[in-house]
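A quick write-up on the structure given underneath.
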Number of protein chains: 2
Amino acid sequence: MTESTRELRSALVEAGHRLTGPRIAVWEVVAGSESHLTAEEIAEAVRSADPTVNLSSVYRSLALFTDLGLVRESNLGANEATHWELAHPDEQFHLKCKACGRVEHHTGDLVTQIESHLSDHHGFKASRVELLVTGMCAECSQSHSSNT
Amino acid sequence: MTESTRELRSALVEAGHRLTGPRIAVWEVVAGSESHLTAEEIAEAVRSADPTVNLSSVYRSLALFTDLGLVRESNLGANEATHWELAHPDEQFHLKCKACGRVEHHTGDLVTQIESHLSDHHGFKASRVELLVTGMCAECSQSHSSNT
DNA sequence: TTAAGTGCAAACGCTTTGCAGTTCA
DNA sequence: TGAACTGCAAAGCGTTTGCACTTAA
């Protein structure tokens with residue numbers, strides 16, 4: 001059992017849930033990926049280890065992990081499938097390049113700044129900040145230098 | 001013809017489109033609402049004026065208006081229907097209270113700050129910023145003062 | 001007059017659910 | 001052993017699409 005699976009087990013047990021095959025498989029895919037994945041992508045990766053795991057179990061596992069705060073859902077645009085990624089303790093935001101399509105993850109004080117701004121000026125206590133910025137990444141704005 | 005319908009007509013004509021009944025009806029609902037509405041909510045309001053207008057025409061109108069930059073789509077959470085609202089020239093963001101469920105619109109320099117931060121520090125040229133903050137609004141954090 | 005736009009109904013993709021069978025604790 | 005969990009298939013929801021009909025310009 002890997003270190004990360006051990007972490008999963010304690011999180012599950014603490015919340016009164018079981019450690020099962022499908023949950024381990026889903027967890028290892030998400031925890032082993034740098035990026036955010038759709039349920040279908042996760043299911044595909046899971047199936048390469050265990051072809052019997054069903055897509056609905058992937059959804060159920062992801063929903064449970066989200067409840068437990070282990071993973072995080074992101075909407076990366078209208079009518080796009082939900083993406084999941086490991087819930088890092090430091091808040092993150094997404095930069096989506098409309099030229100190359102890549103979605104970068106950024107960590108920074110921006111999210112903390114937003115939270116304290118809202119708390120100080122509007123009395124709003126933020127528990128979650130979702131920030132999706134669409135535009136041109138550094139590489140693409142160089143190569144497409146005629147564009148805005 | 002109202003002033004806002006006249007604006008719609010010039011935007012449509014300029015882009016080579018026609019001013020039609022369904023488009024006027026959809027436009028007046030969206031332009032006359034302070035908040036963001038789902039396609040179904042817009043269709044319902046439209047039908048009270050003209051019951052023959054179909055939901056798919058509402059979608060088609062909204063897609064066109066979005067292309068023309070007249071309205072703006074928002075995703076207010078995973079698996080929630082898309083919401084539409086008038087595209088104000090000043091960028092906005094959403095504050096969603098998890099206690100009362102209300103979604104407030106805020107205008108402010110926050111979005112501009114984010115854009116210049118990303119441009120200066122990461123070379124990322126933002127064309128669109130979607131910021132959704134979930135938490136407790138000022139009223140609710142007073143009444144639920146035991147909560148975080 | 002005729003290309004653009006519409007209503008209708010069917011299909012779509014992502015996600016959830018009911019249920020009977022399986023499995024972890 | 002028994003409640004939690006799973007696979008399966010069907011249904012759900014928001015949204016899109018093909019097509020014949022209608023309408024704005």
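Per chain, numbering begins at 1; letters A, B, ... match sequence-line order.
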Notebook entry, point to check: Which whole-number value in Å describes the distance from Arg23(B) CZ to dA4(C) C1'?
Noted result: 8 Å

Checklist line | Side chain His121(A), main chain His117(A), donor-acceptor under 3.5 Å | finding: yes

Check: Within a strict 4.5 Å, meaning less than it, do heavy atoms of the Leu95(B) and Cys97(B) side chains meet?
Finding: no

Next item on the list: With sequence neighbours excluded, tell me which residues meet side-chain hydrogen bond (donor to acceptor under 3.5 Å, both in side chains) with Thr52(A).
Entry: Asp50(A)

Notebook entry, point to check: What one-letter contact string describes nucleotides 15-25 of chain D from 5' to 3', where B marks a base within less than 4.0 Å of any protein heavy atom, S marks contact via sugar-phosphate atoms alone, and - marks no contact?
Noted result: BBBB----BBS

Notebook entry, point to check: In whole angstrom, what separates Leu37(A)'s CG from dC14(C)'s C1'?
Noted result: 16 Å

Next item on the list: Locate the shortest heavy-atom distance separating Phe93(B) from Leu118(A); write the atom from each residue and the value.
Entry: CE1-CD2, 3.8 Å

Check: Separation of Leu64(B) atom CG from dT6(C) atom C1', in whole Å?
Finding: 14 Å

List, with names and distances, any nitrogen or oxygen atoms from the protein found under 3.5 Å away from nitrogen or oxygen atoms belonging to nucleotides 10-13 of chain C.
none

Check: Which pair of non-hydrogen atoms, one from Glu73(B) and one from Glu130(B), has the smallest distance, and what is that distance?
Finding: O-OE2, 4.4 Å

Notebook entry, point to check: Would Leu55(A) and Phe65(A) show up in the same hydrophobic cluster when neighbours are defined by side-chain heavy atoms closer than 4.5 Å?
Noted result: yes

Margin query: Can you measure Asp50(B) atom CG to dG7(C) atom C1' for me and round it to whole angstrom units?
Written below: 11 Å

Note to self: Is there a continuous path of hydrophobic side-chain contacts, each under 4.5 Å between heavy atoms, that joins Val71(B) to Val129(B)?
What the structure shows: no

Margin query: Restricting to side-chain hydrogen bond (donor to acceptor under 3.5 Å, both in side chains), what partner residues turn up for Glu34(B), sequence neighbours left out?
Written below: none

Check: If you fit an axis to the five pairs at each end of the helix from dT1(C)-dA25(D) to dA25(C)-dT1(D), how big is the angle between those two axes, to 10 degrees?
Finding: 30°

Next item on the list: Give the minimum heavy-atom separation between Ala31(A) and Leu86(A), together with the two atoms involved.
Entry: CA-CD1, 3.8 Å

Checklist line | Pairing residues for Glu85(B) by the side-chain contact (heavy atoms from CB on, under 4.5 Å) criterion, not counting sequence neighbours | finding: His36(B), Arg72(B), Ser74(B), Gln92(B), His94(B), His105(B)

Notebook entry, point to check: Whole Å only: how far is the CG atom of Leu62(B) from the P atom of dG5(C)?
Noted result: 15 Å

Item checked: Val103(B) to Lys96(B) - nearest heavy-atom pair and separation -> CG2-CG, 4.0 Å

